[in-house]
Number of protein chains: 2
Amino acid sequence: MIATFAVRRRKLFPADENLPMKILYQPRTPDILLSNVFGALSDPTRLHIVRLLLRTTEITCGDFEIAGAKSTLSHHFKTLREAGVTSTRVEGVQHFVSLRRDDLDARFPGLIATLTCAEEPF
Amino acid sequence: MIATFAVRRRKLFPADENLPMKILYQPRTPDILLSNVFGALSDPTRLHIVRLLLRTTEITCGDFEIAGAKSTLSHHFKTLREAGVTSTRVEGVQHFVSLRRDDLDARFPGLIATLTCAEEPF
DNA sequence: TCGATGGTTCGGGTACAATCGAACTAGTCT
DNA sequence: AGACTAGTTCGATTGTACCCGAACCATCGA
C-alpha cells in the first residue's frame with residue numbers, strides 16, 4: 001500500500017499557500033524531551049556538530065567541510081533544533097546555530113558535562 | 001532485489017553448529033561509544049528501563065508489565081547491553097540486568113545525573 | 001532586475017530499527 | 001523423562017532515519 005496523502009502540497013505555484021519556509025520551530029524549554037535529545041545526539045555527525053558548538057558558540061551550515069550534501073546537513077541541523085538542542089538565529093542569508101546550553105543545563109543537569117568530556121572516535 | 005544470503009543458518013537441526021545461545025556480549029569500558037549509548041537511550045521504552053534501574057539495582061525481563069511481546073523486551077535488553085549501558089548476570093533460568101553505573105560514570109561523567117533528574121512523560 | 005549565495009523542502013532509494021509470533025534452548029521441578 | 005519457566009533467536013512486516021539531487025526561496029550586491 002502506497003501512501004498518497006503527501007502529494008497535497010505542490011510548491012510550483014508560489015502564491016496559492018502562504019506557509020512560509022521560515023518558521024524554524026524549536027520546543028519551549030519545558031517541552032524538551034530527553035528521549036528526543038538522545039535521539040538527536042545518537043547520530044555521529046550530529047554529535048560532532050554539538051561538540052563543535054561547545055567550543056565555537058555559533059556556526060553556520062557553511063562552516064562545514066565534513067558532510068556531503070547541503071540538504072543532508074540542513075536535515076541534521078533541523079533535527080537538532082527540533083529536539084531542543086540548538087537554536088537558530090537568522091541574519092540576512094545566513095543561519096547562525098548555537099547550543100541551547102542554559103536550557104539544557106536547566107532541564108538536564110549533567111548533560112553538557114557528558115558532552116564535554118572524552119574526545120573519542122565518535 | 002531481494003537479499004538471499006541470510007538464509008544460511010537454519011536452527012532446526014540442533015547439533016550441526018555449536019554457536020551457543022549464551023554469549024551475552026557487552027563492550028569493555030573503554031570501548032563504550034557515546035553515540036551508541038545515546039542511541040540506546042533514545043527509545044522511550046529503554047529509557048524507562050534505565051530509569052527503573054536507577055532505583056532497583058537489578059531487574060529481570062519478567063519484572064515488566066509494560067511492553068508487549070517477550071521478544072521485543074528481550075531485544076531492548078540486548079540493545080542496552082551491547083551499547084554498554086547494562087550488564088547481565090545469569091542465575092539459573094533468570095537473567096538479572098543491572099546498570100553499569102561505575103563504568104558509565106567513569107567514561108561519561110554527568111550522564112547518570114542526567115538520567116536521574118526530571119521525571120517526565122518520556 | 002539579474003545572478004550569486006546560503007540555505008530549506010520535496011521525493012525517492014536504501015538501510016536500519018521496532019514489533020510480533022513461532023520456534024527453540026537451557027535450567028528446574030516433579 | 002516430561003512439563004514448566006524464563007528467556008533468546010528467527011523470519012517477516014512495518015515504520016523510521018539517513019542520504020542525495022533537484023527544485024525552490026529569500027536576501028544581498030552589482
Side-chain angles (χ1 to χ4, degrees), chain A residues 1-25 35-36 39-46 59-64 66-83 88-97, chain B residues 1-25 35-36 38-47 59-64 66-83 88-97:
Chain A
M1 188 71 72
I2 294 173
T4 57
F5 54 82
V7 188
R8 272 182 292 125
R9 199 150 74 89
R10 292 255 75 221
K11 295 289 284 299
L12 295 171
F13 310 101
D16 59 355
E17 301 211 25
N18 57 353
L19 303 172
M21 187 183 273
K22 196 63 65 60
I23 284 185
L24 294 187
Y25 163 80
S35 56
N36 286 348
L41 298 175
S42 67
D43 181 271
T45 302
R46 288 194 294 263
I59 56 178
T60 68
C61 290
D63 295 349
F64 272 87
I66 302 167
K70 252 191 329 181
S71 53
T72 303
L73 200 48
S74 179
H75 158 72
H76 284 313
F77 278 115
K78 183 183 182 186
T79 304
L80 286 169
R81 180 170 40 76
E82 294 186 339
T88 299
R89 177 174 67 82
V90 180
E91 186 177 311
V93 184
Q94 297 183 84
H95 292 202
F96 291 91
V97 176
Chain B
M1 187 73 72
I2 295 172
T4 57
F5 53 84
V7 187
R8 273 182 293 127
R9 199 149 76 87
R10 291 252 76 220
K11 293 291 282 302
L12 294 172
F13 311 101
D16 60 355
E17 301 210 25
N18 57 354
L19 301 174
M21 189 183 272
K22 194 65 65 60
I23 285 185
L24 292 188
Y25 163 79
S35 55
N36 287 347
F38 284 152
L41 297 175
S42 66
D43 181 274
T45 302
R46 289 194 293 263
L47 190 51
I59 56 177
T60 68
C61 290
D63 295 348
F64 271 87
I66 301 168
K70 255 194 321 183
S71 53
T72 303
L73 199 49
S74 179
H75 159 72
H76 284 312
F77 277 115
K78 183 183 182 186
T79 303
L80 287 169
R81 179 169 41 75
E82 293 186 340
T88 299
R89 175 175 68 84
V90 179
E91 188 178 308
V93 186
Q94 295 183 87
H95 291 204
F96 290 91
V97 176

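Order of the sequence lines sets the chain letters (A, B, ...), proteins ahead of strands, with each chain counted from 1.
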Legend entry - Distance, nearest 0.5 Å, that separates NE2 of A:H95 from CZ of A:F77: 11.5 Å

Legend entry - Spatial distance of atom SG (B:C61) from atom CZ (B:F96) [nearest 0.5 Å]: 11.0 Å

Between [options], which nucleotide has the shortest distance from any of its atoms to the side chain of [X]?
X: A:H76; options: C:dT8, D:dC18, C:dT28; value: D:dC18
X: A:A69; options: D:dC20, D:dC28, D:dG7; value: D:dC20
X: A:H95; options: C:dG7, C:dA26, D:dC19; value: C:dG7
X: B:S71; options: C:dT19, C:dA22, C:dT8; value: C:dA22

Legend entry - Non-hydrogen side-chain atoms of A:Q94 and A:R89 separated by less than 4.5 Å: no

Inset, instruction - Check whether any side-chain heavy atom of A:D43 sits under 4.5 Å from a side-chain heavy atom of A:H76, and report yes or no. - result: yes

Using whole Å, report how far [atom1] of [X] lies from [atom2] of [N].
X: A:R89; N: C:dG6; atom1: CZ; atom2: P; result: 15 Å
X: A:D43; N: D:dA17; atom1: CG; atom2: C1'; result: 9 Å
X: B:Q94; N: D:dC4; atom1: CD; atom2: C1'; result: 13 Å
X: A:K78; N: D:dC19; atom1: NZ; atom2: C1'; result: 15 Å
X: A:L80; N: D:dC18; atom1: CG; atom2: C1'; result: 14 Å
X: A:R46; N: D:dC18; atom1: CZ; atom2: P; result: 4 Å
X: A:L24; N: C:dG6; atom1: CG; atom2: P; result: 17 Å
X: B:I59; N: D:dA6; atom1: CD1; atom2: C1'; result: 14 Å

Inset, instruction - Please tell me which of A:G39 and A:V93 maps to the more 5' nucleotide of DNA chain D, matching each residue to the nucleotide holding its nearest heavy atom. - result: A:G39

Inset, instruction - Have a look at B:T60 and say if it touches a base, only the backbone sugar-phosphate, or nothing, with a 4.0 Å heavy-atom cut-off. - result: sugar-phosphate

Legend entry - Phosphate OP1/OP2 of D:dC20: any A:H75 side-chain N/O under 4.0 Å: no

Inset, instruction - Using heavy atoms to find the nearest nucleotide of DNA chain C for A:K70 and B:T79 separately, return the residue whose nucleotide is more 5′. - result: A:K70

Inset, instruction - Could you tell me whether the side chain of B:S74 has a donor or acceptor atom within less than 3.5 Å of a complementary atom in the base of D:dG7? - result: no

